2 protein chains.
Amino acid sequence: MEEFHSDKRLISRQTVLRLPRYLRFLKALSDEGERTVSATVIANSLSLTPIQVRKDLASVSRISGKPRVGFAIGELMADIENYLGYNSMDQVVLVGVGNLGKALLSYKGFHKYGMHIAAAFDANSEVIGRTFGGNKVHPMGKFYEVCNKANIRIGIIAVPETAAQAVCDLMVRSGILAIMNMAPVHVNVPPGILVENENIATTLALLARDLSQKIDDKEKK
Amino acid sequence: MEEFHSDKRLISRQTVLRLPRYLRFLKALSDEGERTVSATVIANSLSLTPIQVRKDLASVSRISGKPRVGFAIGELMADIENYLGYNSMDQVVLVGVGNLGKALLSYKGFHKYGMHIAAAFDANSEVIGRTFGGNKVHPMGKFYEVCNKANIRIGIIAVPETAAQAVCDLMVRSGILAIMNMAPVHVNVPPGILVENENIATTLALLARDLSQKIDDKEKK
DNA sequence: TAGATTGTTAATCGATTAACAATC
DNA sequence: TAGATTGTTAATCGATTAACAATC
């Protein structure tokens, strides 16, 4: 008997992190008029290995590549978009319209990956009512109502660290289930609420470690 | 014979990513007047396991905790700061002073982690000469000179995707060895140059996957 | 003392890489 | 056909978790 897989297989964290990169690359190829691409070409372009690429693609797509030819770009893109889009629940709310919040509102990448900022909120009357990247900024008082009415599940915290926990609590009370925290503090959430921290200082620390390691290696030689 | 470790042991990627979180938490405790803390307390506060915390701490610090008491907060902070600071080569340049670049320039977190934005650059005459977060924006023409004179090794790309590769190439020509790319494109670099991509859409995709997985699980029950 | 907590060694888990037969 | 490329199974690598003796 053929084994049956639901559409909703669990895809590894690392693979998910690479999916947007594949999608971007495939789109670029497609724009250049290409119809097919091999795992080798993708791998070389994105600094990955061909095996890794084939595994990743197999995890989101049922289409099989043809030896000596590769994969059909269009179908691949559709499958990745479907996965990212399917998962995305599409609607996201943003709290905090400072420089970072504004950058996020104007960021065109979200749409590409099936994400859509449904509403933005801030406590500051200077930005309330103004529009950034097509999004009007609402007062905090509207937060609960908007989230509830639109049944929104994903929230982005882009406020200063002192306000982060309060915003986080409000999100939880308003039915948000997954939070992306851009503030450089740990936020506490009840069990079952998902949090991802996006912290630039963290990534820089990583880069600095790799760099100092590299320099050490060179000195040893 | 006692085994000798250099100060420059390689610390795992995952551990490095957690170091800034420890540092932040320890600082908060220290501000409250605490002198010691156990791995258990840290773990609970940051949603980690105590074993993981002890391993991480041991990898950057030689100080040992006392059973029933825990670790001396001050010494721990000093060791983490030393590691992050030592590695950081402290000086960073930023190219691109749009909303995102401005957010980075005003971001107070860098200093905390031993990072310092030495100079900011942009091609747009509207921002050149202006100051954000204490950093004056220089014209692109000065980039090579500044990097060379100050011997800067780390660069942050915060320009639109269309300009990212050109900026990346300029960085490489100017002696930058490690690049943090905030633009949603893959940038190509010669072998030996380090790149970390920081892409918000990517993190959101991850969050969305976890969320849809969680919802699926609930439906199954 | 008793027991919470440390630090280390071993087991597990997850992701990457290697090997290789199948195939267009 | 010959050989590039696929897809899968097995081996390796790295990180997390479990187990437990040492100790304050």
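Predicted model only: the values in this text are computed from it and were never measured. Below, chains carry the letters A, B, ... as their sequence lines are ordered, and counting in each starts from 1.
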query = Start at the 5' end of DNA chain C and walk down; is the nucleotide closest to A:T49 or to B:F71 reached first?
reply = B:F71

task = Check the distance between D:dT16's P and B:K55's NZ and give it to me in whole angstrom.
result = 9 Å

task = Nearest whole angstrom, please: distance from the P of D:dC13 to the CD of B:Q14.
result = 18 Å

inquiry  = If you compare every side-chain N and O of A:R18 against the phosphate oxygens of C:dT16 (OP1, OP2), does one of them come in below 4.0 Å?
reply    = yes

task = Describe the nucleic acid contact of A:T15 in one word from base, sugar-phosphate, nothing, applying a heavy-atom distance below 4.0 Å.
result = nothing

task = Give the C-alpha distance, both sets of side-chain angles, the deciding distance and a yes or no for side chain to side chain contact (heavy atoms under 4.5 Å, CB included) between B:L100 and A:Y107.
result = CA-CA 9 Å; B:L100 180 58; A:Y107 180 61; over 6 Å; no

message = Rounded to whole Å, how long is the line connecting atom CD of B:Q52 with atom P of C:dT6?
response = 14 Å

task = Heavy atoms only: give me the nearest A:T15-A:S59 pair and the separation to one decimal.
result = CG2-OG, 3.5 Å

query = Which whole-number value in Å describes the distance from B:R68 CZ to D:dC24 P?
reply = 14 Å

message = Less than 3.5 Å apart, any donor N or O on the side chain of B:T203 or A:E198 sitting next to an acceptor on the other?
response = yes

key: Rounded distance in Å - CZ (B:R13) to P (D:dG14)   = 13 Å

Flag, side chain of B:R21 to backbone of A:H186, donor-acceptor distance under 3.5 Å = no

Closest to side chain of B:S38, choosing from D:dT6, D:dT16, C:dT5 = C:dT5

note = Out of D:dT6, C:dT5, D:dG7, minimum distance to the side chain of B:T40 belongs to C:dT5

task = Please indicate whether B:K27 has more than 12 foreign heavy atoms, meaning atoms of other residues, nucleotides or ligands, lying under 6.0 Å from its NZ.
result = yes

remark   = Rounded to whole Å, the CG-P distance (A:L48 to C:dA15) equals 15 Å

request  = Rounded to the nearest angstrom, tell me the gap between atom CZ in A:R54 and atom P in C:dC20.
outcome  = 15 Å

message = Please report the distance, rounded to the nearest Å, between CD1 in A:I11 and P in C:dT16.
response = 13 Å

key: Nearest to side-chain heavy atoms of B:I51, which nucleotide of C:dA15, C:dT8, D:dC24   = C:dT8

key: side chain to side chain contact (heavy atoms under 4.5 Å, CB included) evaluation trace for B:I179 with B:L194   = CA-CA 6 Å; B:I179 295 171; B:L194 302 164; over 6 Å; no

ask   = Does B:R18 use its side chain to pair, donor to acceptor, with the backbone of B:D56 at less than 3.5 Å?
value = no

task = Could you run through DNA chain D and flag its stems, i.e. three or more consecutive Watson-Crick or G-U pairs with both distances under 3.5 Å?
result = C:3-24 with D:3-24

